[in-house]
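These notes concern the structure reproduced below.
Within every chain, numbering begins at 1; the chains are lettered A, B, ... in the order of the sequence lines, protein sequences first and strands thereafter. Since the model is a prediction, treat every value here as computed from it, not as a measurement.
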Amino acid sequence: MLSAILMFSGLGAAFGLLLGYAATRFRVDSDPVVDQIDSLLPQTQCGQCGFAGCHPYAEAMANGDADINQCPPGGEATIQALADLLGRDPKPLNPEHGEEKPKLVALIDEKTCIGCTLCIQACPVDAILGAAKQMHTVIESECTGCELCIEPCPVDCIDMVEVEQSLDTWQWPYPSTGSSIVSDAA
Amino acid sequence: MSRSDPPLWRFHGGLKLSGHKSESTGLPVTEPPLPQRLILPLQQHIGRPAEPCVSVGTRVLKGQLLAAADGYISASLHAPTSGLVESIEMRPIPHPSGLSAPSVVLRSDGEDQWIDGLTDQDSAPLDAIALRHRVRAAGIVGLGGAAFPAAVKLNPGPQRILEQLILNGAECEPYISCDDMLMRERAADILSGAGLLCRALGVARCLIGIEDNKPEALAALEAALAASPNPGVEVRRVPTIYPTGGEKQLIRVLTGKEVPAHGIPAEIGIVCHNVGTALAVHEAMTLGRPLISRYITVTGQGVATPRNLEVRFGTPVSELVAACGGYTERADRLIIGGPMMGFALATDEVPVVKGSNCILVASNQELPQPGPVMPCIRCGACTEVCPAGLLPQQLYWYARARDFDKVQDYSVFDCIECGCCATVCPSRIPLVQYYRYAKTAIWAQEREKEKADLARQRHQFRLERQDREKNERAARMSKKRAALEVSDTGSDSKKAAIEAALARARAKKAGVRSDASSTAAPESARIPETADDRARTEKP
């Protein structure tokens with residue numbers, strides 16, 4: 001009897017120490033839930049959700065301070081993915097934060113640009129190239145379409161343009177399900 | 001060729017379709033008249049588009065390089081005739097999207113003059129690497145339809161041990177007969193190409209698989225083989241079941257081996273090439289000619305004289321139809337490729353490219369418009385015919401629900417889009433459309449994910465940089481404040497500063513009078529002050 005008690009206490013202590021050591025040795029610095037949420041967000045860094053970027057929004061969601069329907073660039077697909085991850089019910093996008101739009105990128109009218117660098121400072125992903133009193137230009141492949149550069153521009157020379165479809169980005173359309181069939185439309 | 005029938009295997013599913021081959025095999029192959037303008041898209045292959053190496057206004061000769069392969073998985077493009085490069089611009093291409101792509105527009109000068117120096121190559125037998133390089137330089141791609149650069153397939157990597165080459169002459173899709181005609185008319189050259197491919201791959205054995213609905217092609221190849229015997233090469237008659245011409249299906253039929261899911265045939269020691277590719281390799285090696293033309297079937301009830309043509313790449317489809325007597329009254333739909341795997345063209349002004357094998361001008365009777373789509377009744381007919389052994393019904397449900405994880409769990413990327421499932425579906429569900437949709441949607445998602453990861457990385461870097469700048473500024477400020485405090489503690493700090501300034505002025509005056517050695521001291525003394533000034537101007 002006593003030996004059994006001793007043995008199990010010993011085992012408990014040993015495993016406790018082992019787990020304690022593992023917890024410090026293999027410590028995960030960031031919250032895995034926040035990272036999981038963050039990986040579902042579109043990384044536009046536009047701040048339309050009311051937070052200063054995608055990661056802060058992910059933190060707020062993980063803490064329960066923000067709802068899952070505040071990301072207009074992600075739209076319905078992101079809300080669905082977040083609902084799946086967090087085990088919540090999907091809900092429509094909150095119109096207070098904006099509406100879902102086709103993918104856009106910023107385009108600087110290089111003739112009008114005065115080289116003030118205000119847009120460079122506003123860009124959350126350093127996608128604008130230029131220097132003071134030099135013409136600026138947008139690196140299209142890095143632009144997330146956040147529109148944060150539009151407002152600070154004093155000469156209004158930045159436009160948001162739709163990304164042109166190419167052979168590489170073309171997709172087969174979703175087949176029409178034949179709306180005449182009642183049971184199929186359900 | 002031994003008459004005792006060697007063993008053949010069966011692949012799962014498949015369909016027996018009516019061939020409709022004889023319509024276009026009655027006449028010998030001819031060349032259509034040389035068109036005035038050839039439109040040559042820079043991307044006629046899988047991989048990166050070729051990089052143009054001619055400019056507008058350049059006069060080029062037949063066989064001259066127009067655009068060079070850009071990277072390993074890419075293919076060069078050569079001038080199909082002599083003439084003038086009229087423009088390099090966006091032109092509609094044969095693609096289901098109907099989009100335009102950058103193309104070289106070549107105006108023919110009618111002389112059709114070959115470039116010099118094609119044939120004076122050394123006649124010594126080339127080793128595998130030299131063969132591969134020449135295949136690459138000739139711009140040869142798989143002519144079965146996928147247009148994958150052939151040189152890449154000839155380089156399976158050192159870790160893979162190859163056993164045999166399979167030449168695909170099955171041509172299983174109805175209406176298409178270009179490979180049939182090619183085997184009838186160019187059998188000896190195909191065998192020569194097969195030998196070269198074997199040498200490039202380092203294999204001794206080659207199987208040529210031909211469906212038994214092409215007796216003339218079988219006879220021609222057997223006769224050619226009898227004329228120049230090669231113990232390693234065998235011609236095999238395979239049963240006519242659609243889609244035997246699929247790479248994995250033909251390998252299964254001829255060898256009994258299964259290519260692993262998501263894998264390539266080289267993993268099981270086999271490389272498969274189309275008979276047309278073998279001919280192109282023969283032409284490149286023996287005549288030095290790059291790939292500039294191919295056999296194309298023009299057929300269907302919508303053309304007056306269905307037949308096969310040897311067509312230069314870049315010829316508009318309209319010219320092909322004209323060369324076959326033009327459209328008939330029954331012409332209803334213009335399809336590039338066959339009735340099972342082809343796609344409809346919106347206009348006949350698009351050019352034919354390396355991967356084009358058939359122009360089908362179908363009548364309404366040949367390819368009736370599909371009726372209304374009905375709900376799935378779960379009959380399972382699609383599963384029975386799927387040659388890839390997939391579960392088309394499950395794929396359909398998940399693709400319809402846009403559940404892309406599940407679609408991939410059910411191996412949507414192993415679907416060869418042969419169309420068997422959709423053909424047998426009693427509810428006329430466009431199953432293949434769903435799978436194509438799912439595949440491109442998954443690729444789009446992956447692209448977006450990559451872009452999001454890049455944006456996250458850049459944003460994090462920016463935050464770190466801003467943080468670092470803030471810290472550096474704070475450190476500078478505190479240092480300066482400390483320096484000010486130290487000087488303030490002295491009782492006559494202002495007096496001391498004035499004294500110091502006077503001393504400096506005196507030193508400077510002395511420096512001006514005396515030689516360079518005495519100026520060194522005041523110069524160095526001034527440096528901290530200017531550094532201090534700089535810090536002040538940077539203060540926000």
Neighbour count >12 (heavy atoms, 6.0 Å) for atom CG, A:Asp89: no
Salt-bridged, B:Arg458 to A:Asp126, with N to O below 4.0 Å? no
Top residue by heavy-atom pair count (under 4.5 Å) with chain B, among A:Ser141, A:Cys54, A:Ala127? A:Ser141
Short side-chain to backbone donor-acceptor contact, B:Thr440 and A:Trp172, under 3.5 Å: yes
Between B:Tyr434 and A:Tyr174 (judged by ring centroids, cut-off 6.0 Å), do the two rings come close enough to count as a pair? yes
Mutual orientation of the aromatic rings belonging to A:Tyr57 and A:Phe51 [parallel < 30°, tilted 30-60°, perpendicular > 60°]: parallel
Measure distances from A:Gln171 to the heavy atoms of chain B and classify the residue's part below 4.5 Å as side chain, backbone, both or neither. both
Turns out that what part of A:Glu164 lies under 4.5 Å from chain B's heavy atoms comes down to neither
The interface call for A:Pro42 against chain B, heavy-atom contacts under 4.5 Å, is backbone
Where does B:Arg447 contact chain A at under 4.5 Å (heavy atoms): side chain, backbone, both or neither? side chain
Part of B:His459 lying under 4.5 Å from any heavy atom of chain A: both
Could you have a look at B:Ala399, B:Ser97, B:Pro96, B:Ala452 and say which one has the most heavy-atom pairs with chain A under 4.5 angstrom? B:Ser97
So which of B:Glu448, B:Gln457, B:Arg462, B:Gln43 has the largest heavy-atom pair count under 4.5 angstrom toward chain A? B:Arg462
Please list, in residue-number order, every residue in residues 1-19 of chain A that has a heavy atom less than 4.5 Å from any heavy atom of chain B; write 'none' if there are none. none
May I have the list of side-chain donor-acceptor pairs in residues 419-429 of chain B shorter than 3.5 Å, sequence neighbours left out?
unit_1   : atom_1 : unit_2   : atom_2 : d
B:Thr423 : OG1    : B:Gly419 : O      : 2.6
B:Ser427 : OG     : B:Pro375 : O      : 2.7
B:Arg428 : NE     : B:Pro372 : O      : 3.1
B:Arg428 : NH2    : B:Pro372 : O      : 3.3

Flag the one option from A:Leu167, A:Asp168, A:Leu40 with the top tally of heavy-atom pairs under 4.5 Å to chain B. A:Leu167
Would you mind checking which part of A:Ser39 comes under 4.5 Å of any heavy atom in chain B, side chain (CB onward), backbone (N, CA, C, O), both or neither? both
With a 4.0 Å cut-off, would you call B:Asp467 and B:Lys470 a salt bridge? no
Contact origin within B:Lys439 toward chain A - heavy atom pairs under 4.5 Å: neither
Checked B:Gln460, B:Lys449, B:Arg402 vs chain A; the most non-hydrogen pairs under 4.5 Å come from B:Arg402
Would you say B:Pro41 and B:Pro102 make side-chain contact, with heavy atoms under 4.5 Å? no
Heavy-atom proximity to chain A below 4.5 Å, by part of B:Gln433: both
Is the shortest side-chain N to carboxylate O distance from B:Glu89 to B:Arg91 below 4.0 Å? yes
So side chain to side chain donor-acceptor pair (under 3.5 Å) across residues 107-116 of chain A, not counting sequence neighbours, yields A:Asp109-A:Thr112, A:Glu110-A:Thr137
Please tabulate, one pair per line, all N/O donor-acceptor pairs under 3.5 Å involving side-chain atoms of residues 70-85 of chain A, not counting sequence neighbours.
unit_1  : atom_1 : unit_2  : atom_2 : d
A:Thr78 : OG1    : A:Gly74 : O      : 3.2

Sidechain N-carboxylate O distance under 4.0 Å for A:Lys103, A:Glu162: no
